[in-house]
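Comments concern the structure below.
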Amino acid sequence: MPQNQSSQEPPDRQSSQSDAAGWIMLGDLIANLDRPDVTAAVLTTLDPIVATGIEQRAAAAAMAVADFAARTVRDFVEQADDERWFQLLTIIRKAENPGVAAIQAILAWVTADA
């Protein structure tokens, strides 16, 4: 099957969907974050305290963890102030895997703000 630009998954990770390390592009990761396997893979990259905080906040909101994480990240994208964006861009620029690093930072901020 030919791979094309419209694919929702990175070409090198179509067969291994649960590997968060394959999600380098932030837009691709955000677009797929509501998939439980993608969210689970991202949560495994987080500090356990942050991952537990996300799970607890999802439970408190009566939402699936994947739905909560996706909504939280999308809310950040739509509502973050310039300071947070500057911090996020600094993190992305220094990261080996910018997409995952961005999601990690956003979810860490969510638990810290709780």
Side-chain angles (χ1 to χ4, degrees):
M1 179 166 113
Q3 297 173 354
N4 62 42
Q5 295 294 80
S6 66
S7 175
Q8 290 285 323
E9 301 168 7
D12 61 331
R13 290 296 175 186
Q14 290 180 352
S15 64
S16 179
Q17 297 174 357
S18 65
D19 185 1
W23 297 91
I24 295 174
M25 298 301 296
L26 180 58
D28 290 339
L29 187 51
I30 290 171
N32 287 282
L33 198 56
D34 55 354
R35 291 180 28 203
D37 60 323
V38 174
T39 300
V42 170
L43 290 178
T44 65
T45 70
L46 296 173
D47 178 289
I49 294 170
V50 174
T52 300
I54 293 298
E55 291 166 351
Q56 290 172 344
R57 301 238 2 234
M63 296 177 72
V65 175
D67 293 336
F68 179 82
R71 187 187 79 193
T72 298
V73 170
R74 290 178 184 132
D75 286 350
F76 174 89
V77 169
E78 293 175 7
Q79 301 170 8
D81 62 19
D82 290 342
E83 182 179 339
R84 282 287 193 200
W85 274 110
F86 181 74
Q87 291 171 355
L88 188 63
L89 290 172
T90 300
I91 291 167
I92 289 171
R93 190 175 8 177
K94 294 178 181 181
E96 184 176 315
N97 187 327
V100 172
I103 299 300
Q104 290 169 332
I106 292 167
L107 294 176
W109 291 331
V110 167
T111 58
D113 292 343

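Because the structure is predicted, anything quoted here is derived from the model rather than measured. Along the sequence shown, residues carry numbers from 1.
- Considering all non-hydrogen atoms of both residues, Ile91 and Ala105 come closest at CD1-CB, 3.6 Å.
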For residues 78-88, please give each side-chain donor-acceptor pair under 3.5 Å, one per line with the distance, not counting sequence neighbours.
{"from": "Asp81", "atom 1": "OD1", "to": "Glu83", "atom 2": "N", "distance (Å)": "3.3"}
{"from": "Asp81", "atom 1": "OD1", "to": "Arg84", "atom 2": "N", "distance (Å)": "2.8"}
{"from": "Glu83", "atom 1": "OE2", "to": "Gln87", "atom 2": "NE2", "distance (Å)": "3.4"}
{"from": "Arg84", "atom 1": "NH1", "to": "Gln87", "atom 2": "OE1", "distance (Å)": "3.4"}

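- When all heavy atoms of Ala95 and Ala101 are compared, the closest pair comes out as CB-CB, 3.4 Å.
- Here the side chain of Arg57 pairs a donor or acceptor atom with the backbone of Val110 at under 3.5 angstrom.
- Considering every non-hydrogen atom in both Asp34 and Ala66, the closest pair reads O-CB, 3.5 Å.
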Go through Glu55 and Leu43 one step at a time and tell me if the side chain to side chain contact (heavy atoms under 4.5 Å, CB included) criterion holds.
CA-CA 9 Å; Glu55 291 166 351; Leu43 290 178; 4.1 Å; yes
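- Within the structure, the ring pair (Phe, Tyr, Trp, His ring centres under 6.0 Å) test picks out no pair touching residues 39-69 (sequence neighbours left out).
- Separating the CZ atom in Arg93 from the OG1 atom in Thr90 is a distance of 4.5 Å, to the nearest 0.5 Å.
- Proximity of Thr72 to Leu107: side-chain heavy atoms (C-beta onward) are separated by under 4.5 Å at one or more points.
- Note that CG of Asn97 is 10.5 Å distant from CD1 of Ile103, once rounded to the nearest 0.5 Å.
- Listed by first then second residue, pairs satisfying ring pair (Phe, Tyr, Trp, His ring centres under 6.0 Å) with a partner in residues 26-48 number zero, not counting sequence neighbours.
- Distance check: Ile30 CD1 to Arg74 CZ gives 8.0 Å after rounding to the nearest 0.5 Å.
- A 4.5 Å side-chain heavy-atom check between Leu29 and Val42 finds at least one atom pair inside the cut-off.
- Under the 3.5 Å distance criterion, the side-chain polar atoms of Asn32 are matched with a main-chain donor or acceptor of Asp28.
- You'll find the side chain of Ile49 stays beyond 4.5 Å of the side chain of Thr111, heavy atoms only.
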